[in-house]
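Notes to accompany the following structure.
Since the model is a prediction, treat every value here as computed from it, not as a measurement. Chain identifiers are assigned alphabetically (A, B, ...) following the order of the sequence lines, protein sequences preceding nucleic acid strands; residue numbering begins at 1 within each chain. Keep in mind that the numbers below use all heavy atoms, side chains included, and drop hydrogens, waters and symmetry copies.
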2 protein chains.
Amino acid sequence: MTRTVLIVDDESSIRDMIAIALEMADFQVLEADNAQRALALAVDERPDMILLDWMMPGISGVELARRLKREETTREIPVILLTAKGEEDNKVQGLEAGADDYITKPFSPRELIARMRAVLRRAAPASQGVIEVDGLSINTESQRISIDNQPIDMGPTEYRLLAFFMSHQERAYSRAQLLDQVWGASVYVEERTVDVHIRRLRKALGERHDYLIQTVRGTGYRFSRQRSRA
Amino acid sequence: MTRTVLIVDDESSIRDMIAIALEMADFQVLEADNAQRALALAVDERPDMILLDWMMPGISGVELARRLKREETTREIPVILLTAKGEEDNKVQGLEAGADDYITKPFSPRELIARMRAVLRRAAPASQGVIEVDGLSINTESQRISIDNQPIDMGPTEYRLLAFFMSHQERAYSRAQLLDQVWGASVYVEERTVDVHIRRLRKALGERHDYLIQTVRGTGYRFSRQRSRA
DNA sequence: CAGTGACGTGACAGTCTCGTGACATGCCCC
DNA sequence: GGGGCATGTCACGAGACTGTCACGTCACTG
């Protein structure tokens, strides 16, 4: 699954450099040049991880980290702090603020990505293992979907689509976003293709559960246990 | 059976790298960045194996190895020393200190895992006993497979493949993972070779049991007693 | 209430994956 | 040296998936 990363740094050159590296590693990238915008994006887009510059005019990285950890909706998102080289104090402060790791500039893309993966893995238990909604459960280890413990079959794409939805419930996604997240950022297919796979997924879920995949007219789709309308 | 490994190194980047590799190989990973913590974790968590950096500030790896071998509770835990490139003395000292093997940096993940397996195999008297699923049973002591107490034949590779699957049920593995786990990390063969052995294994199991070896399209294979789809 | 745009759906051809039989090689034991 | 066994590759074919299209249906607008 493609992960979304929010990069927060006031220098655009650094943001761009990181963004390029991450995109090559098949991450989806969001950028913010200040804490305000970062906070908004974090709440709005729910990235899988945030890279945060330590030193920024206005609200500093640490302060932002602290706020992120206070917000209900962003608390679970892992944060990596980017700091100028080696003041030990930084580490302490940063980790106290709730950052999950920190890395000192200059760093190589490889190192950054290695750290990110490590952090994501640690954070994974949230999305790993089993998610269950109304008898429908997905087990990411066995890569299997079951309804009332009865395994059901679907194609790989439908599986990934459902996996994405179940770990991002209650939020509407556009076709373009779904293509990025489920198909991968570097694939080009028609947006309507999403519709077809949605259709296949609904069919696989059966009448009792297809209500979970909801159409958001004019926008895209959403996974939600709340039936809309009576 | 998942094994727990304690990684002791003062550089977090190296720990992370190793941790990633080991987790992909389905090890459970513990980390310590100094000897003190390592000792505590070793006593506390009783890992199945310890990877120890030779050079560390404070108490060195060798010294730690020595202490581990003195402690009653940690004596049996195999230790592999990680050393910088090739001073012969290290080897001697290390082995004298009680290390079970040593490996020089830089090393590939595959190499490391191969060594670890070798050490674990030596250390662990083929225990484990018997696993049984739907009349199919494997006895790791006698290295025998039987169906309803009728011994059945298969090649050594099929045996190892089945043994691996039966101790890691309900989880999907890629061909690459299976090659690492069953063939060994330092062997290079085509991924499709796995398919052929899966085929042979299924054949050996016969129609009544070949459903246990399931294809996960686009990914690899899985051992599960749950049949898909009704 | 007709018009317009968005979405649902069935069909289809191309592509990719996996199952399978055949085969060459290497090894061990007679 | 000659079987016999185990293994790794290959090539081929069946079947599973996928992306598009075309057309029908439905929701909203004015």
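For C/dC18, neither phosphate oxygen OP1 nor OP2 lies less than 4.0 angstrom from any side-chain nitrogen or oxygen of B/Arg192. Put simply, B/Arg217 has no side-chain N or O that comes within less than 4.0 Å of OP1 or OP2 on C/dC16. Of the side-chain N and O atoms in B/Thr215, one or more sit less than 4.0 angstrom from OP1 or OP2 of C/dG19.
Sorted by first then second residue, the salt bridge (charged side-chain N to carboxylate O under 4.0 Å, His left out) pairs that include residues 150-164 of chain B, not counting sequence neighbours, number zero. For residues 186-196 of chain A, the salt bridge (charged side-chain N to carboxylate O under 4.0 Å, His left out) pairs, not counting sequence neighbours, are A/Arg175-A/Asp195, A/Arg192-A/Asp195.
Not less than 6.0 angstrom separates the ring centroid of A/Phe165 from the ring centroid of A/Tyr221.
When heavy atoms are screened at a 4.0 angstrom cut-off, A/Glu191 is found touching no nucleic acid atom at all. No engagement by A/Tyr159 is indicated, since no non-hydrogen atom pair under 4.0 Å with the nucleic acid exists.
Per the geometry, CD belonging to B/Glu207 stands 11 Å off P belonging to C/dT20, to the nearest Å. A/Leu201 has its CG atom 14 Å from the C1' atom of C/dG8, to the nearest Å. Regarding B/Leu205, its CG atom lies at a distance of 16 Å from the C1' atom of C/dG19, rounded to whole Å. Nucleotide C/dT20 holds its P atom 13 Å from the CD1 atom of B/Ile213, rounded to whole Å. Between the P atom of C/dA6 and the CD1 atom of A/Ile198 lies a distance of 17 Å, rounded to the nearest Å. The interatomic distance linking A/Lys203 (NZ) with C/dT9 (P) rounds to 8 Å, in whole Å. Computed from coordinates, the B/Arg175 CZ to C/dG19 C1' distance equals 11 Å when rounded to whole Å.
Put simply, the side chain of B/Asp48 does not reach to within 4.5 Å of the side chain of B/Ile77, judged on heavy atoms. Residues B/Ile138 and B/Val130 have side chains not in contact (no heavy-atom distance under 4.5 Å, counting atoms from C-beta outward).
Sequence order on DNA chain D of the closest nucleotides to B/Met154 and B/Val196 puts B/Met154 first from the 5' end. Between B/Asp195 and A/Gly220, the one whose closest nucleotide on DNA chain C sits nearer the 5' end is A/Gly220. Toward the 5′ end of DNA chain D lies the nearest nucleotide of A/Pro156, the other residue of the pair A/Pro156 and A/Tyr188 mapping further downstream.
Counting 5' to 3', DNA chain D first comes under 4.0 angstrom of a heavy atom of chain B and last does so at the ends given by D/dA6 to D/dC17.
The backbone N or O of B/Met166 sits less than 3.5 Å from a side-chain atom of B/Gln169, completing a donor-acceptor pair.
Figure legend: cation-pi geometry between B/Arg227 and B/Tyr211, with NZ or CZ positioned under 6.0 Å from the six-membered ring centre and within 45° of its axis.
Nearest to the side-chain atoms of A/Arg200 among the listed nucleotides C/dA11, C/dC7, C/dG8 stands C/dA11.
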